[in-house]
There are 2 protein chains.
Amino acid sequence: MGRRSDHGREELEALILDTGREVMAESGYARFSAREVAKRIGYSVGTVMHVFGNVDGLVMEINARTFRHWSEWLEDRLEGTEGRGRILVLVRGYFDFAETHRNLWAAIYEHRVPEGMDMSETLAAQRVRLTGVIAREVAAVLPPNDAGDAAELTSSLIATVHGHCAFMLGGTFALLGVEHPAELAAARVMETLQARGALIGA
Amino acid sequence: MGRRSDHGREELEALILDTGREVMAESGYARFSAREVAKRIGYSVGTVMHVFGNVDGLVMEINARTFRHWSEWLEDRLEGTEGRGRILVLVRGYFDFAETHRNLWAAIYEHRVPEGMDMSETLAAQRVRLTGVIAREVAAVLPPNDAGDAAELTSSLIATVHGHCAFMLGGTFALLGVEHPAELAAARVMETLQARGALIGA
DNA sequence: TCGATAAATCGAACGCTGTACAATAAATAA
DNA sequence: TTATTTATTGTACAGCGTTCGATTTATCGA
């Protein structure tokens, strides 16, 4: 078969991405397969490869979508909460998203961009965007004079929460008998913010 | 060919494990291959499978070895440092080990035990052992009355350092312009310990 | 409207993977 | 010496990502 007109280019991209997301959510990164995606949408493997270059390209776009979804999920959760509670909403939201979308979340961290290939623009952009949401909230609770290295502090806080979340879903905490990882992470974040004189509980 | 007597059972296990470690260090988890291990030691694939059950079994034993090596590496580094510096040695040691043995370290966290299979005894044991080394040092700097939930605190501190380390090696920090991840992690750990009244700098 | 060009899609081939299993050879037990 | 257990092999299978020539269709120019 040659050129078809079932879907335009963008339409096809979206179709592959949607189905790719579906397969990733079901099977996880280890069992993810571009061939399976092709089968489900009724196109051949070659077409999928042609659109995304290679399977790593497809995975990166799926991960970019997950980041975008994650940002929106957090923004939604922030709505209705004012002042002091917003940081806690972010921490809990981080955990809840990861738990709810286990495989999609894990795929972000299980996928390594191969040497010689670089990270897709959209993936980098969405990753930075998610950080931006958190940075905004962190800056809001810090005293104005400390705004200088707020970006670095934000990165550190995200790393802290991420570490707890990764240990929870990876089973490390279960092995060590830790029962409430999210509360533990929240405690670490609050300690750090209070050490900086953040207006928590004000 | 049938039964040979080149190596005893334990000898063969060790040979596979050594070579497996070698392949993992060179290629990383994504490109790790039991067939490649078999080729290097001059046995067939079937034999490797027979000894370790399946490739996940082999990976878990390799990871268990990495944990053991890591514990010893940390103990070595602790020697010669007294009192206050020991916590910092642990934090730096965590980062240094991960950087020096990038692929071996990453394999620990990139491998997911498949559903229906459970984590090997030795892997769980070595993982707990590493935690034990750190828990001992944390308990040593905490005020005696706080020893109750020292285990949970230790897990939280490890998660914090792990998060920073994972972001460093995964490229997240580079993307966000963070330059000194180890110092950042150390700062978080010290904050937490000081909030508990730990005898740092005493 | 017709022809040339460009783009998209397929399907087969390639080399790789982990797994399963029957055949075989050697070590061990009786 | 014979029978039995055990280790090892090689092959077969289904799946994977990647590559690429062939084919069909859309698009553009004249």
Side-chain angles (χ1 to χ4, degrees), chain A residues 1-17 19-20 23-24 26-63 103 107 110-117 120, chain B residues 1-17 19-20 23-24 26-63 103 107 110-117 120:
Chain A
M1 204 189 304
R3 190 167 184 159
R4 332 190 317 208
S5 51
D6 309 26
H7 309 92
R9 167 77 181 212
E10 298 145 19
E11 221 176 349
L12 182 56
E13 259 180 52
L15 182 61
I16 295 175
L17 222 54
T19 311
V23 173
M24 186 68 84
E26 283 175 23
S27 313
Y29 176 68
R31 297 196 204 285
F32 179 82
S33 147
R35 278 187 133 100
E36 173 65 21
V37 174
K39 192 182 300 175
R40 291 200 192 185
I41 64 175
Y43 277 79
S44 79
V45 209
T47 299
V48 174
M49 288 308 187
H50 183 250
V51 173
F52 285 95
N54 54 33
V55 77
D56 292 289
L58 175 53
V59 171
M60 285 194 288
E61 293 316 308
I62 293 172
N63 287 343
N103 283 335
E110 285 169 11
H111 180 249
R112 275 217 254 171
V113 182
E115 303 195 60
M117 189 175 186
S120 89
Chain B
M1 203 189 304
R3 189 169 185 158
R4 14 198 270 220
S5 51
D6 309 25
H7 308 91
R9 167 75 181 212
E10 299 145 18
E11 219 176 351
L12 182 55
E13 261 181 50
L15 183 61
I16 295 175
L17 222 54
T19 311
V23 173
M24 186 67 84
E26 284 174 22
S27 314
Y29 176 69
R31 297 194 205 287
F32 179 82
S33 147
R35 278 187 132 101
E36 173 65 23
V37 174
K39 193 182 299 175
R40 292 199 191 184
I41 64 175
Y43 277 80
S44 79
V45 209
T47 300
V48 173
M49 288 308 185
H50 183 250
V51 173
F52 286 94
N54 54 33
V55 77
D56 292 289
L58 174 54
V59 170
M60 284 193 288
E61 292 316 307
I62 293 172
N63 286 344
N103 284 334
E110 285 170 11
H111 180 249
R112 274 216 255 172
V113 182
E115 302 194 60
M117 189 175 186
S120 88

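Just the heavy atoms: all of them, side chains too, but no hydrogens, waters or symmetry mates, feed the values below. Below, read A as the first sequence line, B as the second, and so on, with proteins coming before strands; counting in each chain starts at 1.
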(message) Output the rounded distance in Å from CZ (B:Arg31) to P (C:dG18).
(response) 14 Å
(request) Return the orientation label for the A:Tyr43 and A:His7 ring planes: parallel under 30°, perpendicular over 60°, tilted otherwise. (result) tilted
(message) Taking the side chain as everything from C-beta on, heavy atoms only, tell me whether B:Val59 gets closer than 4.5 Å to B:Phe52.
(response) no
(request) Evaluate the side-chain proximity of B:Leu58 to B:Leu17: yes if any heavy-atom separation is below 4.5 Å, no if none is. (result) yes
Report the residues that fulfil side chain to side chain donor-acceptor pair (under 3.5 Å) with [X], sequence neighbours left out, ordered by chain and then residue number.
| X | answer |
| --- | --- |
| B:His50 | none |
| A:Arg35 | none |
| A:Arg112 | B:Asn103, B:Glu110 |
| A:Glu61 | A:Ser120, A:Thr122 |

(request) Sugar-phosphate atoms are those with a prime plus P, OP1 and OP2; base atoms are the rest. Using that split, label each nucleotide of nucleotides 4-16 of chain C B, S or - for protein heavy atoms under 4.0 Å, 5' to 3'. (result) ---BBBBB-B---
(message) For a 4.0 angstrom threshold against heavy atoms of chain B, report the outermost contacting nucleotides of DNA chain D in 5' to 3' order.
(response) D:dT6 to D:dA12
(request) Step through the shown structure and confirm whether more than 12 heavy atoms of other residues, nucleotides or ligands are within 6.0 Å of CD on B:Glu10. (result) no
